Amino acid sequence: VVIAIDGPAGAGKSSIARALALELGFTYLDSGAMYRAVALDAREREADPAAVAAQLRITLDGERVLLDGREVSAAIRSPEISQAASRVAADPRVRAAMVALQRRMLATGDWVAEGRDIGTVVAPEAELKVFLTASPAERARRRAADLGADPGTVLAEQTIRDQRDLTRAHSPLQAAPDSVVLDTTELGFEEVVRRVAELARERLRGRSGAT
Ligand code: CDP
């Protein structure tokens, strides 16, 4: 079973996807961490991101991200790597490598997978697709609060990244036509988790009823 949670930066995908995975007993896949790891590795090695992506040695262990066995969980979250991740993510060769890796992971077991293209490209057959969004100002406010950063700076960086993610030629950020779009601008965290968990249970019930 795959539950896909897509949406722009700061919409709450990670915290919602994690909480949902915990509640359902599913495994959580943070696809953004993979693009971030490619960006970090390419920068450190001064290598072509596509070459790095083709042989990325990444381990996703709960909240921990290991690159070649080294913990990079914090390093991949810097504003520089956020921008670099959205740049490497526009490269179709990088995307092809990441999508193949993600599909292999999702092929067995039960997953809550989070990103930009899970419902559209990686797992179009997902049992439930949620597109989480919120106003740009609210998304920047949440991200700034998380990071202890200035909301204005975060908004400026977020706008650049949103624009790049929305307008790239390959797998741009978009809601799958059969996704449930949830605007969380006015909703608290618990409320969003409650609604998404309810949708998931409905779909899973429908599924077991059909077989
Ligand atoms: O957490 P946040 O939304 O800020 O970023 P992320 O999910 O960690 O993703 C970082 C960058 O990776 C995004 O800006 C996208 O350009 C890219 N990405 C992607 O292209 N496809 C995905 N499935 C996940 C991330």
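Note that this is a predicted model, so its numbers are computed, not measured. In each ligand, atom 1 is the first atom listed, and ligand 1 is the first ligand listed.
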Is it the case that ligand 1 has an N or O less than 3.5 angstrom from some N or O of [X]?
X: S31; value: yes
X: Y35; value: no
X: R168; value: yes

Who's the nearest protein heavy-atom neighbour of [atom], and how far?
atom: atom 7 (O) of ligand 1; answer: R116 NH1, 3.1 Å
atom: atom 14 (O) of ligand 1; answer: D165 OD2, 2.7 Å
atom: atom 8 (O) of ligand 1; answer: R36 NE, 2.6 Å

Report task. Give a yes/no verdict on whether any heavy atom in M34 is under 4.0 Å from an atom of ligand 1. Result -> no
Query raised in the report: Any heavy atom of Q158 sitting closer than 4.0 Å to ligand 1?
Result: no
Query - Selection from M98, R143, R87 by shortest heavy-atom distance to atom 2 (P) of ligand 1 - result: R143
Report task. Select the closest option to atom 17 (C) of ligand 1 among A89, A90, P172, judged by heavy-atom distance. Result -> A89
Would you check if the side chain of [X] reaches a backbone N or O of [Y] as a donor-acceptor pair within less than 3.5 Å?
X: D110; Y: V1; value: yes
X: D6; Y: I118; value: yes
X: R103; Y: V122; value: yes
X: R36; Y: A85; value: no
X: D61; Y: R64; value: no
X: E114; Y: S31; value: no
X: K13; Y: P8; value: yes
X: T184; Y: T133; value: yes

Under 4.0 Å from a heavy atom of [X]: which atoms of ligand 1 are those, numbered in the order shown and with their elements?
X: G115; answer: 23 (N), 24 (C)
X: G32; answer: 6 (P), 7 (O), 8 (O), 9 (O), 24 (C), 25 (C)
X: S86; answer: 14 (O), 16 (O)
X: K13; answer: 3 (O)
X: R95; answer: 19 (C), 20 (O), 21 (N)
X: E114; answer: 7 (O)
X: D117; answer: 21 (N), 22 (C), 23 (N)

Report summary line: Partner of D91 under side chain to side chain donor-acceptor pair (under 3.5 Å), picked from R95, R93, R87, is R93
Report summary line: Within the 4.0 Å heavy-atom cut-off, what R164 brings close to ligand 1 is neither
**Report entry** ligand 1-proximal atoms of R161, by part, heavy-atom distance under 4.0 Å
**Finding:** side chain
Query raised in the report: Do W111 and Y35 belong together in a cluster built from hydrophobic side chains that touch within less than 4.5 Å?
Result: yes
Query - Passing option when T59 is tested against D68, L66, L67 for side chain to side chain contact (heavy atoms under 4.5 Å, CB included) - result: L66
Query - More than 12 heavy atoms from other groups under 6.0 Å of CD on E186 - result: no
